[in-house]
Amino acid sequence: MPSDASPTPASDDPVGSQAPPGLPNLLATPVTARTAPSLVELLSTPAPRGTASQQDAYTRDHISPYILEDFNTSRIYLSFEMFLHKVMNLPDDWQSDANFKGCVNALEADAELGRKLDAYLAQCDVKNHKEQTLYVPVSAVFNRATDVLAERDGIAQDDTVYVYRQDKQRIRGSRDRAELSPDLCTTLYRLWRTSQNINFRAEVERQDPPNPVAYGQLIDWKDCKAVLARLDGGVGAYAVLDKDGEDPRDRKNLQHALIEAVKSEGRSLTSRLMNKRPSDSQAESSAKKKLKSQPSDAANSAHEYAQTHSTQVTYGDDAAKRLATSYQCADYALQFMSDGGLRNHSFGNLICDDRLQLMYYDHSCIAVAKPLNMRADRRMFMLYLVCFHKLSLSDRSGLPRTGILENPKPYLENYVVVNKDWYSILSGQVLLLEDQTGPFEVTLGRVIDRQTGIIGRCTFIVNATCTMRWPGIELIVKITWSPTSRTSEADFMGSVREAVSTTGADWVLDHVPNILHSQDFPHLHHEVGGRLAAFLNTLNEDHWTKDLGAFKYEERVMRVSVHEKLYKLSELNTVRNHAQVFFDVVQVHRWLYDHPRILHRDISLGNIMWRRRRGRICGVLNDFDLSSFRDTTGPSSEQRTGTRPFMSRDLHRKEAVSARHLYRHDLESLFYVLLLLAGAHRLENDPVVDSITQEKCYLVGDENSPYRDWLSLDDASILQEKDALLDSEYPPYTHPSFQVMNSRIWKARVSLLEGFSARHAHKALLARAHAEAPRPQLPSTEDDFWSVPSTSQAAVPISAFDDETLGGKWTYTGLLDCIGAGLPFERMYPVPRSE
C-alpha cells in the first residue's frame, strides 16, 4: 500500500515564502496524542434513508432514528395467508400438490409434535407466567417439526435447522458493540458441527449452548412475549386488503392510535425521537404517509430501548410497549443484515403466547403478517412450518447465492476471530464473478466499511485480490443493494472515459475511480425479493387500504464492482497534501459537470480519497452511486441527496425535499468538507494504528470542535448551525494543526455569505417592485408573486437573479482562488466554459 510521505520540514516545503500575506505556509504542525476518532471514519452518505456508512464509531443514538424512520415509512401489513403465499412461496394450489400436502399431513399426524404443541399452549395458560417459561417448549415445537420433515424428505442432519435459546448470552460480532440477545435463534446444524460446538444437538436439547455465536452463523431470530398486547396491529402501516377485501390491521389498535394522536397533538414518532418540530418531521417523511401519528408515550419508550437495550421498558401504556417491541424486532433485523455478512434480507418471528407474527425485512421494505392464533388454526401453523422448511437456504438466511453458502468453510473458520474482530468476517470468502472472457474468482479480505441499516444501499467495502485478472494490484470490492432505476457507477465512469477520449483530458482519469468490473445480481423470480417485488408492484390502488394508499416497492439488485484501491484522508499526514487533494477534487468535479455532464450530488469527507500517480498524490472524487446526468429527469436527478453535515443550506429546508440539485449545492458541500476537515480534526505527527481496523491514521477527531454534533443533527438544527457560521463576524474554528488553512476557509465563507446576501437583496427588490407596481388583481400563487414584474409594472426594470452562482458570488473559480492562491498546485481545469 502506498503511504503518505513523512512530515515535510519547513525548509523543504516548496510553498515556503511563496504564500502571499495573509495566507500562511502549509506546514505540518506538531500535535498531541489521539483522543477521538476521525470524522472521516464517521461521515458519509446515509443513503436514501439514513443508513450510515463509515460506521466504526457510530453510537446507537445515531442508528436508532433510522430504524424508526424505516419502520414508519416502509412497513407493509399483510394477512397471514398472503404472507405465506407472497413471501414464503406457498403455492396457490398447494392442496393439490402431493408433496406439499403430504408434509402438512405428516406434521398433523405426528403425535409427538402434537404433544409438544399442547405442552406449549398449556404453558401459555399458566396464570402470571413469564416469557422465559415459553422459550424451551416453543423451540421444542419448531425442532420436532424439523425432525419430522427432514426424515420425510430424506434431508441429512447437516442441512437441517434448529432453534435454540439465545437469551442467556449476547450474539457476538457487532461493530458498534450492540451485542443483542434475541430470545431464540435458528442456525444450520452443520455450522455448529464445523465450529467449536461439536455436540450441538445435545446443547440444543439442553437449551444452553456453552459457546457464543456470531451473527454470521445464524439463520433467523424469534422474540417471545407473555402478553398479546405486544403484537404489531398495523397502526401506521401500508396495508394490502386480504382475499375477501378486508383490512388486515387491528381495528381496535387503529382507533386507539387516532385517540392517542389527538392527545399527543399530532406529533409523529420520528419527530419526538429526533426532537424535531412537527413541520420538520413532515418534510422528511414519505409524502405518501397521510397518517403517521403514534401514541404519546411510545416515542419515549422506544427511545429508552434505543439507548439501553438491556433495560426492560416499564411504561404501562400498551401502545408504548407495542411500539418498543416492534423497534426491538427491527433492531434484531438490522444487526443480522448489517453484521451477519452479505444479507439480502432477514426473517423474524414475534411469538406472544398462542399468537405467531411473521416479519420480513429487506433493503426496500418491512413486511409484517397479521398474527396467527396457533391454538385456533393449527393447520395454518403447520402450513407455515412446511413453508419455512421448503425455503432454500439462501431464502431462509438472506445470504446471496454468490459464494457464501456454496463455500462456507473460510467463512466459518472466522468464527472465533469474529468475536473480537468483525472486520475479518469475510476474509477468505470467494466471490464467483463473470465477464466477457468467462468466470473468475475474487478472494475477499478484511472489511473496510459497512453501512448499518435496513432500507437503502447498505454498502460493503472489502479488501480483495484476484490473481486471475489483476495480479499484483491492490483491489477493493464494493457491494451495494442498488435501486434498478439508478445509473450504475460503472456506467458513469464509462461516460467519463468517452468524454476524456473526446476532449483529450487524460488527467481526469487520475482523479476518478478505476472500476475494473461491475456485475449485477438481480433477485430471481423464485427468490423472496423477486416474488415480493413482482407481487407488490402489480397491485393497483384498489388492493390497498384507502387511508395511506399504495406502497411502491423499490426493486434493487446486489451490485458487485471491483475497483482499484483508493486511500482515506486519514492516511495523509500534512496539511499541504490535504490541500492538494481538495484542490484536485474541486477541479475534477467541475470538469465532470461540464463534459460528461455528471453532477455528483453526494459530496462528503468519506467520498474524497486519494491515490498515487507518477509519484504525486492525486485527489479522487469517489462514490457516484447517487449521481445523475444533468440532462436526466426523474427521481434520481430531481430529489435532494447528500450527507447532512455537508449539504447546502437550501437543501435542508422543507420545501427542498423535491428541489432540483444544482452545481452550486455541490460547491457549497465542498466548502463544508474543507471546513470540517480543518475544524473537526487534527493531524498527528506519528500514525495511530487503529486496534480494530489495523489502519494507520494521522487524521483524528478533535473532541473540542464545535462541529462534531453536526453528525447527528436534524435538518432544522443543522441549518441553524450553518446560518450562525455564515453570520458570525469571527473566523471559523480550525484546529491549530490546520490553522494555516483558516484564512482561506474564511475567505470562502465570506464569498458564500455574499452570495446568499445578494439573493436576499434581490428578493427585497422584487418585493418592493411588486408593492409599488399597479396590479389589476392580487397574485394567485407564490410563484406569481415572486416573478419579475414587467417593465410597464415596475418603476425600475429588475433583471433576473443568477441563482446558479448566487449572483456571481459563489463560483468554481472563486473557490479555487480562495484555496489555491500562492500554492504551486497545477490548475488542470482553470476556466470552465460556462464561467
Original post:
Within the side chain of E555, is there an N or O that forms a donor-acceptor pair under 3.5 Å with the backbone of T484?
Top reply: no
Subject >> Student check: side-chain heavy atoms of I608 and L670 closer than 4.5 Å >> reply: yes
Original post:
Where do D395 and H345 land on the side-chain hydrogen bond (donor to acceptor under 3.5 Å, both in side chains) test, with the steps shown first?
Top reply: CA-CA 8 Å; D395 273 352; H345 59 260; 4.9 Å; no
**OP:** For the residue pair W507 and W591, categorise the inter-ring angle as parallel (less than 30°), tilted (30 to 60°) or perpendicular (more than 60°).
**Re:** perpendicular
Original post:
Mind checking whether F388 and F347 have parallel, tilted or perpendicular rings, split at 30° and 60°?
Top reply: perpendicular
Original post:
Taking the six-membered ring of Y593, is the NZ or CZ of R630 close enough (under 6.0 Å from the centre) and on axis enough (within 45°)?
Top reply: yes
**OP:** Could you tell me whether the side chain of V496 reaches within less than 4.5 Å of the side chain of V508, counting heavy atoms only?
**Re:** yes
Original post:
Taking the inter-plane angle between the rings of W470 and F440 on a 0 to 90° scale, is it parallel (under 30°), tilted (30 to 60°) or perpendicular (over 60°)?
Top reply: perpendicular
Original post:
Do the side chains of H389 and I155 get nearer than 4.5 Å, heavy atoms only?
Top reply: yes
Original post:
Under the side-chain contact (heavy atoms from CB on, under 4.5 Å) test, which residues partner E498, sequence neighbours left out?
Top reply: none
**OP:** Please confirm whether the backbone N or O of L592 pairs with a side-chain atom of H595, one donor and one acceptor, at under 3.5 Å?
**Re:** no
Original post:
Between the main-chain N or O of S628 and the side-chain N or O of R601, is there a donor-acceptor pair closer than 3.5 Å?
Top reply: no
**OP:** Mind checking side-chain contact (heavy atoms from CB on, under 4.5 Å) for D92 and listing every partner two or more places apart, or none if nothing turns up?
**Re:** H85
Original post:
Is it true that a side-chain atom of R556 and a backbone atom of H363 form a donor plus acceptor pair closer than 3.5 Å?
Top reply: yes
Original post:
Residues in salt bridge (charged side-chain N to carboxylate O under 4.0 Å, His left out) with D510, at least two apart?
Top reply: R613, R614
**OP:** Mind checking the CE-SG spacing from M558 to C458? Nearest 0.5 Å is all I need.
**Re:** 13.0 Å
**OP:** Compute whether any side-chain donor of one residue and acceptor of the other, for D666 and H589, lie under 3.5 angstrom apart.
**Re:** yes
Original post:
When the ring centroid of F629 is compared with that of F492, is the distance short of 6.0 Å?
Top reply: yes
**OP:** Find out whether V477 and N463 are in side-chain contact, i.e. whether some heavy atom of one side chain is under 4.5 Å from a heavy atom of the other.
**Re:** no
**OP:** Identify, with sequence neighbours excluded, every residue that meets salt bridge (charged side-chain N to carboxylate O under 4.0 Å, His left out) alongside E668.
**Re:** none
Original post:
Looking at residues at least two apart in the chain, or sitting in another chain, which of them share a side-chain contact (heavy atoms from CB on, under 4.5 Å) with S501?
Top reply: none
**OP:** Taking ring-ring contact (aromatic ring centres under 6.0 Å, His included) as the test, write out the residues that go with F83, two or more places apart.
**Re:** none
Original post:
Sequence neighbours excluded, which residues qualify as salt bridge (charged side-chain N to carboxylate O under 4.0 Å, His left out) partners of R664?
Top reply: D650, D803
Subject >> Partners passing side-chain hydrogen bond (donor to acceptor under 3.5 Å, both in side chains) against D220 (at least two apart in sequence or in another chain) >> reply: T186
Original post:
Is there a side-chain hydrogen bond (donor to acceptor under 3.5 Å, both in side chains) between D362 and Y553 once you walk through the steps?
Top reply: CA-CA 11 Å; D362 68 17; Y553 184 93; 2.5 Å; yes
Original post:
Does the separation of the ring centres of H600 and Y663 fall below 6.0 angstrom?
Top reply: no
Original post:
Would you say the side chain of L569 lies within less than 4.5 Å of the side chain of M609, judging by non-hydrogen atoms?
Top reply: no
Subject >> 4.5 Å side-chain heavy-atom contact, L342 and I479 >> reply: yes
**OP:** Please answer whether the main-chain N or O of S397 pairs with a side-chain N or O of R343 as donor and acceptor at a distance below 3.5 Å.
**Re:** yes
Subject >> Q451 side chain to T459 backbone, donor-acceptor under 3.5 Å >> reply: yes
**OP:** Please check if any side-chain donor atom of R559 sits under 3.5 Å from a side-chain acceptor atom of T480, or the reverse.
**Re:** no
Original post:
Are R590 and Y829 in a cation-pi contact, defined as NZ or CZ under 6.0 Å from the six-membered ring centre and within 45° of the axis?
Top reply: no
Original post:
Quick one: does E489's side chain have a donor or acceptor within less than 3.5 Å of a partner on D623's backbone?
Top reply: yes
**OP:** For residues V560 and L433, determine if any side-chain heavy atom of one lies less than 4.5 Å from a side-chain heavy atom of the other.
**Re:** yes
Subject >> Exercise: identify the closest heavy-atom pair between R616 and Q580 >> reply: NH2-NE2, 2.9 Å
Subject >> Results of side-chain contact (heavy atoms from CB on, under 4.5 Å) for T443 - residues two or more places apart only >> reply: V430, T465
**OP:** Using the salt bridge (Lys or Arg N to Asp or Glu O under 4.0 Å) rule, take K696 and E571 through it: C-alpha gap first, then chi angles, then the decisive distance, then the call.
**Re:** CA-CA 6 Å; K696 292 183 178 180; E571 297 174 76; over 6 Å; no
**OP:** Would you sort out whether M828 and H511 count as a side chain to side chain contact (heavy atoms under 4.5 Å, CB included), showing the intermediate values?
**Re:** CA-CA 11 Å; M828 300 164 290; H511 305 282; 3.7 Å; yes
Subject >> Check: F582 ring centroid to W610 ring centroid under 6.0 Å >> reply: no
**OP:** Only counting residues at least two apart or in another chain, list the ones meeting side-chain hydrogen bond (donor to acceptor under 3.5 Å, both in side chains) with K390.
**Re:** N99
**OP:** Go through the structure and list residues passing ring-ring contact (aromatic ring centres under 6.0 Å, His included) with F100, not counting sequence neighbours.
**Re:** none
Original post:
Taking only residues at least two apart or on different chains, which pairs with a member in residues 427-441 satisfy salt bridge (Lys or Arg N to Asp or Glu O under 4.0 Å)?
Top reply: D435-R469
Original post:
Are side-chain N/O atoms of D491 and S488 paired as donor and acceptor at under 3.5 Å?
Top reply: yes
Original post:
Got a donor-acceptor contact below 3.5 angstrom from the S338 side chain to the Q335 backbone?
Top reply: no
Original post:
Going by atom types alone, do S394 and S392 pair a side-chain donor with an acceptor below 3.5 Å?
Top reply: no
Original post:
Hey, is the main chain of F646 close enough, under 3.5 Å, to the side chain of S669 for a donor-acceptor pair?
Top reply: yes
**OP:** Evaluate the side-chain hydrogen bond (donor to acceptor under 3.5 Å, both in side chains) criterion for residues N622 and H563: first the C-alpha distance (whole Å), next the side-chain angles of each, then the deciding distance (0.1 Å), finally the verdict.
**Re:** CA-CA 11 Å; N622 194 35; H563 301 230; 5.1 Å; no
